[in-house]
Amino acid sequence: MTADLRFAPATGIGSLPGGDAREAARTATGSFEDFPFLPELPARGPGADMIGRTAGMLVELYARVEPSGWRIGDRPGRDTKRARSWLGEDLDALEEFTQGYEGQLKVQAVGPWTLAATLELRNGEVALSDPGACRDLAGSLAEGLRLHLEEVERRIPGAQVVLQLDEPSLIGVLRGQVRSASGYRTHRAVDRQVVEAGLRDVVGVHAGGPVVVHSCAPDVPFALLRRAGAAAVSFDFSLLTERDDDAIGEAVEGGTRLFAGVVPGTDTALSDPAGSVMGVRTLWRRLGLHPGLLAEAVTVTPSCGLAGASPEYARKALAHCAQAARSLADNPE
């Protein structure tokens, strides 16, 4: 990905409260005129959650809901059909509100390692327990994402589609913290090179556009994600510590963009927009980076998805992101 790639100044993470696809699309497109996103509405139930939605995209692999979670099965069943139906409904709504749109548009899916740490095999253990299953899952995901991206581009031909891979379990995979089915042990850590290669294969499916990797966990592996081909890294800004400074500085100087999650994802009193990005300005000064780079290098987002927020707060939070991004651009110092 070229270092001169520029993202719009603000966008959402993905999930929104409620179950009305048209209302969600109206909110996602109205809040960000130059970087709308395809909303996810997990309140509708299994199949609308991020794991179920992505499981519905898989090619020649199918998943169904068991009491313990999503499990890979032999054939598409009711849960797969429901997931695909809801995705189609969400795409219909987004298409309605993006007629004639030309600009960046973000779609989200779960990345290969979080999927492997969550989807169960027939024996009840997650796919992460079997290296062969991990490879099959990543291959199926890559093909499913390719088809999904093609459909989005067909429906909204003026859009420059940005793919976001959600990897909340990535740190657990790297550190051997994913629990077994019994809960009494954890699966062994996956080698960093294997994790990087698996990510690179899935990132590479979007050859015509940029990929953002989102993780709202502490200790985001910025360098690994950069090497895997991520054009941008999306993270919860409040979880950063000074030990992340070097990795962030190298990422910015290498052309990687930062999606800084500075607006809380659940209902709270919001500060003024300038106050929300004060920490970003402070980080910039600490790293000795040029203030003029801020608007080019940072996209302002909520800290994570907004599924747990009230509808009113979700709308306010998205508007707040856009206002905070304008503050950052107008007053980088």
Do [X] and [Y] touch side chain to side chain, with heavy atoms closer than 4.5 Å?
X    : Y    : result
E250 : R226 : yes
L318 : T27  : yes
Y313 : P264 : yes

**Report entry** Distance, nearest 0.5 Å, that separates CG of D245 from CG of L283
**Finding:**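 So the CG of D245 and the CG of L283 are separated by 6.0 Å.
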Requested in this report: Could you grab the distance from atom CG of L137 to atom CG of L115, nearest 0.5 Å is fine?
Outcome: 4.5 Å
Report task. Would you please classify the geometry between the F37 ring and the F32 ring as parallel, tilted or perpendicular, with 30° and 60° separating the classes? Result ->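 Aromatic pair F32/F37 classed tilted.
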Report task. For the pair D49 and W70, evaluate side chain to side chain donor-acceptor pair (under 3.5 Å) and give the outcome as yes or no after the intermediate values. Result -> CA-CA 11 Å; D49 60 300; W70 284 90; 3.2 Å; yes
Answer yes or no: is there a donor N or O on one side and an acceptor on the other, between the side chain of [X] and the main chain of [Y], under 3.5 Å?
X    : Y   : value
R75  : G73 : no
Q104 : D34 : no
T301 : G12 : no

Requested in this report: Applying salt bridge (charged side-chain N to carboxylate O under 4.0 Å, His left out), run through R175 and D219 and close with a yes or a no.
Outcome: CA-CA 11 Å; R175 293 183 175 173; D219 301 321; 2.8 Å; yes
Does [atom1] in [X] sit with more than 12 non-hydrogen atoms of other residues, nucleotides or ligands closer than 6.0 Å?
X    : atom1 : result
R285 : CZ    : yes
Q99  : CD    : yes
R78  : CZ    : no
R146 : CZ    : yes
E102 : CD    : no
R185 : CZ    : yes

Requested in this report: Please lay out, stage by stage, how R26 and D20 fare under the test salt bridge (charged side-chain N to carboxylate O under 4.0 Å, His left out).
Outcome: CA-CA 10 Å; R26 180 185 289 112; D20 186 325; over 6 Å; no
Requested in this report: Determine the sole option in S271, S31, S276 for which the side-chain hydrogen bond (donor to acceptor under 3.5 Å, both in side chains) test with H320 is passed.
Outcome: S276
Query raised in the report: Honestly curious: do L328 and L270 fall in one hydrophobic cluster under the side-chain, below-4.5 Å linking rule?
Result: yes
Query - Option from L258, V162, V298 for which side chain to side chain contact (heavy atoms under 4.5 Å, CB included) with F7 holds - result: V162
